[in-house]
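Here's the structure, in structure tokens; my notes come after.
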Amino acid sequence: MTNFADLGLSQKVLSAVTDAGYATPTPIQAGAIPPALQRRDILGIAQTGTGKTASFVLPMLTLLEKGRARARMPRTLILEPTRELAAQVAENFDKYGKNHKLNIALLIGGVSFDEQDRKLERGADVLICTPGRLLDHFERGKLLMSGVEILVIDEADRMLDMGFIPDIERIAKLIPFTRQTLFFSATMPPEIQKLADRFLQNPERVEVARPASTANTVTQRFVASHAKDYEKRAVLRDLIRAQDELKNAIIFCNRKKDVADLFRSLDRHGFSVGALHGDMDQRSRMTMLANFKDGNIKLLVASDVAARGLDIPDVSHVFNFDVPIHAEDYVHRIGRTGRAGRSGASFTLVTRRDTKFADAIEKLIGQKVEWLNGDLSELPEPMESHDAGRKDRGRDRHKDRKKDVERSGKGRSDHRSDTAYADSAAELEPVAERAGAVKPERNADNGRGHASRNDRPGRAQNAANDDNRDRRNRHRRDHDDGPTPVGFGDEIPAFMLIAGKA
DNA sequence: AAAAAAT
């Protein structure tokens, strides 16, 4: 059996690894570290959870001990698809590089340029970036790529999914081709293979099996549900309450809007819950993730921004509120639990319209997923359908809602469909401030005298406001029988016509 | 039927 000490890493690195409590390298580490230290190119085929990050961080630290950085000329460059992943790699450099005095710069969007500029100016040994922000800095003349000795492209298949490949090609062209390139991808579709052929010179290919956890230690169940959101939310709540050993859970939705909606619903039902998606401001994203990792929040409602790569140890449950449209996403999502040999449980809500995607999942993972309480054919009819008393009940509910709204002092009069507020009375109450329930946007300007641009409520919040505004306006328009107001009447100033042509 | 990422 290999030991970290046998891989050729420096003493400084080894002592940090020992302090972190590791003695034995994972297969990807054992396979990639020695050739990386020989300055070979690496083609690493490995998923997250296999110790992939350390397989490039540790040799990079060792190689960086020789030489030092010059202003605006980073020595190494790591590209990551999401801001959270980039931040996570930076944490790894802090952990394993604690005996080094290296300058690490995290260049990601959504945060201010100032500190990033300062670090570039000082000379960065390691740049960890999302592609957009890196190119932004480059175009502003803040850095030269001609001194980069090592380029790491992480999660290449995901970069491809996200349309980053043109950016990656552009960045790679700016870096001397005498560089060493470490290229990682979870899968190797033809496009990625082509890209690897272009970027790598005589690479050492290191491939590790996908972590066994997916198949073996995670209990997977499908749960039949009707398609209406409020019915799905009720099924989910019952499911969560029925779990004996729920320590914490990630709940995935397909859309950002649904993340926001489900978060609000669970919050109003008194769950300890947070939300994470890409339209939230960066500070909230970071706070939310930290609170979840620290156990301050028990449930995290998330988009697929959280599906891959994020290292959240010890998630006991994964719930798919929506069946993922791409089957691979299912594998990534449930891979958030059952990590490091622990057991985990995953539940996927399936409605009649999802059967195609559920079938695709079973085909991809090569096994049937058991249904928890009977499959879709055994699903009882929803309470409301074919019910003579339905209209009356709906009207009563409407009355209740109006009362609640008035009580809460928010006299909104927009007409929503019955189903929109049928979830439960609890959802109609104003959100109570509860200790432990951390809300996404409200935390944003903790301790700040003023709101900077990054502290503004996330776009999701704005989108929700927009929705309300639209609804009100639509309502108003419907009942508007006066003359249509137009900005300038019939007279349109000449300058506007010119601008309009451009 | 989506999400992610520069502003």
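Reckoned from all heavy atoms, side chains included, excluding hydrogens, waters and symmetry mates. Numbers restart at 1 for each chain; the letters A, B, ... are given by sequence-line order, proteins then strands.
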Kindly say if [X] contacts the phosphate of [N], meaning a side-chain N or O under 4.0 Å from OP1 or OP2.
| X | N | result |
| --- | --- | --- |
| A/Arg158 | B/dA5 | no |
| A/Arg133 | B/dA4 | no |
| A/Thr130 | B/dA4 | no |
| A/Lys256 | B/dA4 | yes |

Checking contacts here: which listed nucleotide ([options]) is nearest the side-chain heavy atoms of [X]?
| X | options | result |
| --- | --- | --- |
| A/Arg285 | B/dA4, B/dA6, B/dA2 | B/dA4 |
| A/Asp354 | B/dA4, B/dA6, B/dA1 | B/dA1 |
| A/Asn254 | B/dA6, B/dA2, B/dA4 | B/dA2 |
| A/His277 | B/dA2, B/dA4, B/dA6 | B/dA4 |

Name the nucleic acid region contacted by A/Asp161, choosing base, sugar-phosphate or nothing; use a 4.0 angstrom heavy-atom cut-off, strictly under.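 Touches a base.
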
By the 4.0 Å heavy-atom rule, please label A/Arg353 as base, sugar-phosphate, or nothing.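 Base, at least one base atom sits under 4.0 Å.
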
Pi-cation contact, A/Phe252 with A/Arg336 (under 6.0 Å, within 45°):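 Relative to the ring axis of A/Phe252, which defines the angle, A/Arg336 lies outside at least one limit.
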
Test: A/Arg158 cationic atom under 6.0 Å from A/Phe164 six-membered ring centre, within 45° of axis: no

Starting at [atom1] of [X] and ending at [atom2] of [N], how long is that distance when rounded to a whole Å?
| X | N | atom1 | atom2 | answer |
| --- | --- | --- | --- | --- |
| A/Arg140 | B/dA6 | CZ | P | 13 Å |
| A/Met162 | B/dA2 | CE | C1' | 12 Å |
| A/Gln282 | B/dA6 | CD | P | 9 Å |
| A/Glu84 | B/dA4 | CD | C1' | 10 Å |
| A/Ile168 | B/dA5 | CD1 | P | 14 Å |
| A/Asp261 | B/dA1 | CG | C1' | 16 Å |
| A/Asp322 | B/dA1 | CG | P | 14 Å |
| A/Leu276 | B/dA4 | CG | C1' | 12 Å |

Just by distance, do the side chain of A/His226 and the backbone of A/Pro380 share a donor-acceptor pair under 3.5 Å?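 Present.
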
From the options A/Leu102, A/Asp125, A/Thr53, A/Ile78, select the one residue that forms a side chain to side chain contact (heavy atoms under 4.5 Å, CB included) with A/Phe93.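 The single option meeting the side chain to side chain contact (heavy atoms under 4.5 Å, CB included) with A/Phe93 is A/Ile78.
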
Tell me which pairs pass salt bridge (Lys or Arg N to Asp or Glu O under 4.0 Å) where either residue lies in residues 84-94 of chain A, with sequence neighbours left out.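 Listed by first then second residue: A/Glu84-A/Arg285.
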
N/O donor-acceptor pair, side chain A/His326 with base B/dA2, under 3.5 angstrom: yes

